[in-house]
Amino acid sequence: MSEADQELARDLGFLEAYTIGLGTMIGAGIFVLPSIAAKAAGPASMISFALGGVVSLLAALSLSELATGMPKAGGSYYYVNRALGPFFGSIVGWGMWAGLTFASAFYMLGFGQYLLPLLTPHVDFLASMSGLGKTVAALVMAALLTGVNYYGVKETGSLQNVIVITLVGLILGFLTLGLLSGPSIGEFNPEGWPAVAATVGTVYVTFIGFEVIATSAEEIKNPSRNLPLAMIASVVTPTILYVGVMFVSTGTIPLDVLAASEVPVKLAAEEILPGFASAIPFVSVPSSLLAAIGGTVMILGAVLATVSSANASILSAARVNFAMGRDEILIDWLNEVHDRFRTPYRAISVTGILTLVLIGIGVGVGTLAEVASFMYLVTYALVHVAVVVLRRANPDSYEPTFRIPSVLYPVVPILGGLACVGVLIQMSTRMVPYTLAVGGLSVTSPFQLTVVGGIGIVLVAFGVAWYYLYARDRAPSETLVGEAIAPAPATAADGDGTYRVVVPLANPASERDLLRLAAASARTHEDSEIVAINVIEVPDQTSLAQDLTFEEERVERQQELLEAARDIAADLDVGLRTRAIVGREAGSVVLDMIAEEDADQVVVGWAGPRGRREHVLGSTVDPIVSRASCDVTLVKRGERAGGDVLVLAGEGPYAPVAARRGTEYAAATDGTVTVCNVQPPGDGEESTATERGEELVEAVIEQAGIDDPDETRVVVDEDVKETLLSIAGEYETICVGATRSSALAQAMFGSLPERVAAETDRTVAVARGPEESPLSIGEAIARRLES
Amino acid sequence: MSVEHDPGERSLLAHVLLPVASEDDALATARALAPYDPDGVTVMHVVEKGEGVPDKTPVEQSEATAAAAYDAVREVFPEAEDHTAYRRDVVEAIFEAAEEIDASAIAFQTRGGNRLIQFLSGDTTLKLVSQADRPVITLPKDPGET
């Protein structure tokens, strides 16, 4: 997709991105957690919320840089996988998925807890089964939300804005009235500071929402400004609200009552509102009615909040699945898009079912929250590492438009990473000595693992096992860690004068010829190597029904192809490296490889003007030819590559490059070189036409800096094309320079000699030099956008 | 686009706009249209956008679907142009594209489904047929059986 299309795909402004983040953040957390947090750390839990906000703010800064640098679906998973490789990618991918699933179940149970008191006074039989009732409500709502996303029912942006504004308004109202009613805090920190730190882990689930902004990065308008702004705003706003809600709740309701309640905010509202009965002018309202109104309003708020949070989580999970499938860390079967609803229905269904299972088996609401927090803390710890790695490795594809300000740079990721790890340790361990005795042996550990720590470690271990058992053989194992550790020598090694020829391969039939020509060029340099690459394109994979077996076949074919390349290289006695890559568009992958390998030449096979489908690159040739920063040789296969070579000396700027290629090929295959030019007679004497032709041939040889060719031919004839064709038939390989650095491959065949090259059945090499000035690359892109 | 703009003279199949969803749908639609030998074909895919809310399907995934669908159509019509639109309202997007490329007709294959499904997916068929400002051709389900 071109850049213009990308702009079309962006339809979220700052306000939308902000409300998306806020809608997920102000979820079940603010309504359910006050009781759990109060139980764990008393009024001091408001410090926990504040600390959670700080940890998130640090993560938001790192994530903003990554998201603007690589606006891809999948969010944190994508950045970690790209920077640290599929081992950590697997951990984070599964971690995020598990985290989102646990979070969805948590939101839904919170929904059930609040909905029940609304219904129980009216539906008698519900009252007798409150425990079961909230589970049933949670299950029904979770199934409903899964359905909404499965069928792709579109909720509108304005509905979302209304929900979020209503929620913020409700909470602000609650805070104002609560503060006016004069809350009084008892003992501020009854459980001690370690409990406060561990509570950060419990409440962190409320802060995972801003990730949704990162997973939607490719949809945000003007991302360099809007994305970081939306992320920071959607972290800061709820942090302030949470701290306030904790203050009011703990100040209004006795701690033990608060801790025992499933609906703490409703309780607080019922407590606060009656106090204002006398403040309402003209009418006298019984305080019990006010309490009921306050309670009901807060219930409605909680219901809205939990639903919007869970909805966003299910969508985010599908995105993580998609990104994992794209990188072959997960089977692509999950990512099939529904024919009619156009949604990734399988990914959505699986997440939905897992959520239902978690609700159904009765995992406690607190445990659900903590596991979700655990997985996200692991993720963000690695996100901070990813920022540092990417900054140091600095790959060409990484150009963030938002960077962590330089005063904050190493501080934010280091502090952020340590903070995440610190909270993780706090929440997974209890400082109680634990003795494990087996037979006569006993080991005493100074701490015990909490339930959450146990589940979290199992989930991480699952990610690790998954990597070794499934992903390792499939996912391209690329990490930038090495380059991050030693970026300077790596760059120097690239610039040390090794002549590197990149050869994208796809067709076993043409493989040998391409490699032979590449080897011919490489051989003329003392220090040289060939890099053979094969790209498996992802778009084709995603669609077929039987794609699993199809997939294995493709991977197998890739291996065979590269295996054959290594054999050929051994035959030719030339240094060769292979790279198996999975990418979205072969063209841009090859361009990345050219830049990454600092290649001097790329040799691309080409099936001829009409052979669109069967060849390697098909439409892929275009971007390579128009944008590669090195010499490009486009090879159309004939009977033999090399042998007796004919160089067509035209007026184009790249005829000397063609002459150089021709000399290399002939030398490698013991053939001859002929430089030839055909002139029309024109108006003047035949001798002037001949002279003109000879001058051209001379100039080309001189500019190419090659030894005198075996033969030079200048022919004068009326029908230039026919003459060229018949001359071409006498040779085995034809070399011709591209006319200009045109944007499209077809345009390379604009000039007469090039058209001849396209029509002859001999091996043809169309050569061009590097795209040197940045301007011409810009022009090329601009032209591409116009077309 | 060098299409004569003269509605009186113009053939119905001068330049057909072919909105398609998936690869399978694209192939079926193209095969259904093939026997009528249209002069020009532009295949289009609408990437459904949330316009204010995050999309149900990642944009990248939708674009991959679109690319696969275009390739499928080109197996039948190698010269087909393609057009990708990013809109919340699929039918609106189709009309806009038709206007933009000056299509002589919009051709599609209805995908049936029961009423609930049609309701949930917003019954695009009805909107397409009733609100178009140019001919809309409903292609037969299976051209092999007549």
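Because the structure is predicted, anything quoted here is derived from the model rather than measured. Per chain, numbering begins at 1; letters A, B, ... match sequence-line order.
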*Asks:* Is it the side chain or the backbone of A:S216 that comes within 4.5 Å of chain B heavy atoms, both, or neither?
*Replies:*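 Contact with chain B is through the side chain of A:S216 alone.
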*Asks:* Could you give the distance from CD (A:E219) to CD (B:E60), rounded to the nearest 0.5 Å?
*Replies:*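 Here the rounded value is 11.0 Å.
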*Asks:* Under the 3.5 angstrom rule, does the side chain of A:E218 hit a backbone N or O of B:V59 as a donor-acceptor pair?
*Replies:*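 Yes, because the side chain of A:E218 sits within donor-acceptor range (under 3.5 Å) of the backbone of B:V59.
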*Asks:* Can you tell me how far OG1 of B:T65 sits from CG of A:N335, rounded to the nearest 0.5 angstrom?
*Replies:*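 If I round to the nearest 0.5 Å, the distance is 10.0 Å.
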